[in-house]
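What you see is a predicted model; the values in this text were computed from it and never measured. Basis for what follows: all heavy atoms, side chains included, without hydrogens, waters or symmetry-related copies. Chain identifiers are assigned alphabetically (A, B, ...) following the order of the sequence lines, protein sequences preceding nucleic acid strands; residue numbering begins at 1 within each chain.
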Number of protein chains: 2
Amino acid sequence: MTPARNGRHDREHIVGVALDLLDRYGLPDLTMRRLAAELEVQPSALYWHFASKQDLLAAVADRILERIPAPQGDLLATARRVRDALLAYRDGAEVVLSSAALRPGPSRAHEALRAALGESAPGGADIAATAVLQFILGHTSLVQQRMHGESHGAAADAPDQDAAVFDAGILMLTRGAGAADPIAARG
Amino acid sequence: MTPARNGRHDREHIVGVALDLLDRYGLPDLTMRRLAAELEVQPSALYWHFASKQDLLAAVADRILERIPAPQGDLLATARRVRDALLAYRDGAEVVLSSAALRPGPSRAHEALRAALGESAPGGADIAATAVLQFILGHTSLVQQRMHGESHGAAADAPDQDAAVFDAGILMLTRGAGAADPIAARG
DNA sequence: ACCTGAACACCGTTCAAGT
DNA sequence: ACCTGAACACCGTTCAAGT
């Protein structure tokens, strides 16, 4: 049932190792050469499985997005689940943001948000879901980049502040979309 | 009145050349070595003026943000001005997003949005302005990255679609913040 | 089908030394 | 004060050749 696997590594396995490297060392240190070394293979071997580093990162982004559960609940709860999927791996938001730009169609994240928005958004739920996703990606990218910027330097007074900004943003977007008030619902 | 300038290049001049290089070739091709070549100088010479490439990019980001006019008008108009400042240079949003993460205090963009928001936002105008800025950075980064992704390949059917998503996002955020309805106001 | 070996054309950064 | 020259430790990608 599993697809042909004659070589030592297939795409799925390589993406898994890449994701582990990403989480441990961050995006700047996720290089084709380090990934190859981790797989005990020459760097050129990766180019049989992936056309380019961008292609590899797109597959990594898809894997990150798979963590998003099936659509369920209101917008705030759904948005938090998308954010948490991005936060689950170091630099997850930046990877998804970078490769989301190349994709034309809707992603798993977009679909979840669209389902939570219903039909009542101004200009269509599709457009509203896109806007919400863009906020989540911008917010989470900023948060994650600040994380290793202050890893051994500045003050780390932001854990609660970030959550407050996120909730405020989603709340504002929710009210503007005319959806049910999430204040009454539990997060 | 101008500060001491014995050498061939000072920080202001270098940032200007870097910004020109950014706009012509994009962020991936804005390297210290190319910048040095453009200035007809050795790469190591740049490290007398800037501590690192990140330091240089932070100065470039500040220069991009200077294009934002003084606070004036409602949130939609202000948000559009911030977006347009980012769009004025290739990859402008990504540069600002990357170096905004390291800055703790509020930027020129944040101040403009905060002024437009008034005092009526839930959780405070400061938090609301941060959320709006994060949406703008996420949105514009996505738009700009898609631009040179499709420069010689896929369909470019997105000029109006992007503006619709942006306006919808700001509109939703505006209503949620309880500010004056921007539909009645002209953009 | 899958990988090696070697090369090409680059990177950011440091540091002694020059002027 | 400002820059050169040379080096260090890397990059992504291609491609003939092996098995």
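C:dA1 is paired with D:dT19 under the criterion used here, namely a Watson-Crick or G-U wobble arrangement in which both key atom distances are under 3.5 Å. For D:dA7, the paired nucleotide is C:dT13, the pair qualifying as Watson-Crick or G-U wobble because both relevant distances are below 3.5 Å.
Judged by distance alone, with hydrogens and angles left aside, the side-chain atoms of A:Asp91 form a donor-acceptor pair with the main-chain N or O of A:Leu27 at under 3.5 Å. When atom types are taken as modelled, the side chain of B:Asp10 and the backbone of B:His13 share a donor-acceptor pair closer than 3.5 angstrom.
A distance of 8.0 Å separates CZ in B:Arg108 from CG in B:Leu65, rounded to the nearest 0.5 Å. The OG atom of B:Ser52 sits 7.0 Å away from atom CE of B:Met32, with the distance rounded to the nearest 0.5 Å.
If you take CG of B:Leu30 and C1' of C:dC11, they are 13 Å apart, rounded to a whole angstrom. To the nearest angstrom, P of D:dA9 lies 20 Å from CE of B:Met32. Atom CG in A:Leu35 sits roughly 12 Å away from atom P in D:dT13 (whole-Å rounding). Here C:dC10 presents its C1' atom at 11 Å from CZ of B:Arg34, a figure rounded to the nearest Å. Across the protein-nucleic acid pair, B:Glu40 atom CD and D:dT4 atom P stand 10 Å apart, rounded to whole Å. Rounding to whole angstrom units, NE2 of residue B:His13 and C1' of D:dC3 are separated by 16 Å.
Relative to the six-membered ring of A:Tyr25, A:Arg90 misses at least one condition, a distance below 6.0 Å or an angle of at most 45° to the axis. With A:Phe166 as the aromatic partner, A:Arg83 meets the cation-pi criteria of under 6.0 angstrom to the ring centre and within 45 degrees of the ring axis.
When the P atom is compared between D:dC10 and C:dA9, the two are found 22 Å apart, to the nearest whole Å.
Taking for each of B:Ala45 and A:Val41 the nucleotide of DNA chain C with the nearest heavy atom, the 5'-most of the two is the partner of A:Val41.
Comparing atom distances between the B:Arg33 side chain and each of D:dT4, C:dT13, D:dG12 picks out C:dT13 as nearest. Here the side chain of A:Ser44 is nearest to one of D:dG12, C:dG12, C:dA6, namely C:dA6.
Using a 4.0 Å cutoff on non-hydrogen atoms, the parts of residues 46-56 of chain B near DNA chain D are B:Trp48, B:His49, ordered by number.
For A:Glu66, the CD atom sits in a packed shell: over 12 heavy atoms of surrounding residues, nucleotides or ligands are nearer than 6.0 Å.
In this model, the phosphate group of C:dC3 is not approached by any side-chain N or O of A:Gln42 to a distance below 4.0 Å at OP1 or OP2.
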